[in-house]
Colleague: 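A single structure is presented below for examination.
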There are 2 protein chains.
Amino acid sequence: MRADAKRNYDRIVEVAREVFREQGYDASLDLVAKRAGVGPGTLYRHFPQRENLIDAIMQSWVDRVEEGAAKALVREGTPREVLLAWFETYVALISLHKGGPAKITSAMGNSDSPIATKCQVLTRANDQVVERLRQEGALRDGVDSVQMVRLVGGVATVADQGDLDPTVVRPLLAVVADGLLR
Amino acid sequence: MRADAKRNYDRIVEVAREVFREQGYDASLDLVAKRAGVGPGTLYRHFPQRENLIDAIMQSWVDRVEEGAAKALVREGTPREVLLAWFETYVALISLHKGGPAKITSAMGNSDSPIATKCQVLTRANDQVVERLRQEGALRDGVDSVQMVRLVGGVATVADQGDLDPTVVRPLLAVVADGLLR
DNA sequence: CCACCATACGGAGACACTCTCCGCTTACGC
DNA sequence: GCGTAAGCGGAGAGTGTCTCCGTATGGTGG
């Protein structure tokens, strides 16, 4: 990649992170290009789809996901406490930007989504927590981690779209947890 | 209302129902106007916001909601069976059109949404089912019908956006039910 | 050091959608 | 019939996505 190309690439990602945090994932890409001081053509060449740009932004997010999972794995407490804490971490992670829960949860299904790679990290983190709980014999039969992702993703999506307060979301997550645990 | 105005109004609603079923709730309104044989101005005068149009479409849907709730109230079986059957009915009702679950679930929160009136019908139906189960002493303490709407709405939203099969959705609803029941 | 060319830039503009404004038309009461 | 209020509809402004292509430039071989 040419030096000027790399410069533009980095600048676009940086600006996009900022704009998306302000306006959500459906902010205007032309605005991103303008603020980054490049033409729309340049933006769309680097990132043919909106999701490619989101994917690039998420690089730093991946680290936070892994950190969150690591904490959940060493956490002391009853299975219910561990699961609830992980759920809250999970919701927080996918709710960093408006529209994030819906985007991420639906991307975790189909492997040909441009942000699939990043979602795999989240999937793996969730799998580890499920595995720990399963070894403790805490989960009901038939429960799998895909179900969990969908259920918690659903709660997060509703919370995101309805601007729900964390204090309202917690009981919802508790219901899901109770439904999953023995 | 003048005769020609009523004619146009009805025609727009009819066409919109068709278009929304084909393309989801975010289909182009100009397309609806064109297919209905009216100018965009006419459409936007009758329905200043997209939601007003959706609201008009839902008139017939209201009947189906009430019918579904009535069935759930007289249904025989364990609380779990009753609740699950109602959940499936509920999901089916809000998933009639693509994008429906997200739209309806987030509208059920804020009372100033243009489709709020229609959602009230759904809320009331759900309340009745909750009330029946509560009288049977089947629900956990602290559970309320708003939580239920959000949880099931969340599952429906995920299912809608991920094109999930009903056979995959059922276990998710079962988890929610288990979390709500004693 | 410079000339060349692949690589990359950027903006004009095609296309799509939402929504408004306003001149024209038409239904309907008198 | 006729006057007028109600209603129509389309041009077009505003906004967003995405592409095409003439132009500019970084990097490399001579």
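Below, chains carry the letters A, B, ... as their sequence lines are ordered, and counting in each starts from 1.
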Colleague: Are the side chains of B:Arg7 and B:Asp4 in contact, using a 4.5 Å heavy-atom criterion?
Modeller: yes
Colleague: Do you see a donor-acceptor pair shorter than 3.5 Å between the side chains of B:Asp160 and B:Ser95?
Modeller: no
Colleague: Please examine the side chains of B:Leu180 and B:Met148, heavy atoms only from C-beta on, and report whether any two atoms are closer than 4.5 Å.
Modeller: yes
Colleague: If you count every heavy atom of other residues, nucleotides or ligands that lies below 6.0 Å from A:Arg64 atom CZ, does the total exceed 12?
Modeller: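 Open: at most 12 neighbouring heavy atoms sit under 6.0 Å from CZ of A:Arg64.
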Colleague: Need two values: the first and the last nucleotide of DNA chain D, 5' to 3', having an atom under 4.0 Å from any heavy-atom of chain A.
Modeller: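 The footprint of chain A covers D:dG16 to D:dG27.
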Colleague: Where along nucleotides 17-30 of chain C does protein come under 4.0 Å, by heavy atom, of base (B) or sugar-phosphate alone (S), with - for untouched nucleotides?
Modeller: SBBB-----BSS--
Colleague: Would you say B:Val175 and B:Leu181 are hydrophobically clustered, going by side-chain heavy atoms of ILVMFWY under 4.5 Å?
Modeller: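 Yes, same cluster.
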Colleague: Can a side-chain donor-acceptor contact be found between B:Ser28 and B:Asp30 if the only test is distance below 3.5 angstrom?
Modeller: no
Colleague: Can you tell whether the side chains of B:Arg75 and B:Glu88 come within less than 4.0 Å, N to carboxylate O?
Modeller: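 No, no charged N to carboxylate O under 4.0 Å.
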Colleague: Tell me the interatomic distance from A:Asp10, atom CG, to C:dC9, atom P, rounded to whole angstroms.
Modeller: 12 Å
Colleague: Answer whether the closest heavy-atom distance between the side chains of A:Gln59 and A:Lys118 falls below 4.5 Å.
Modeller: yes
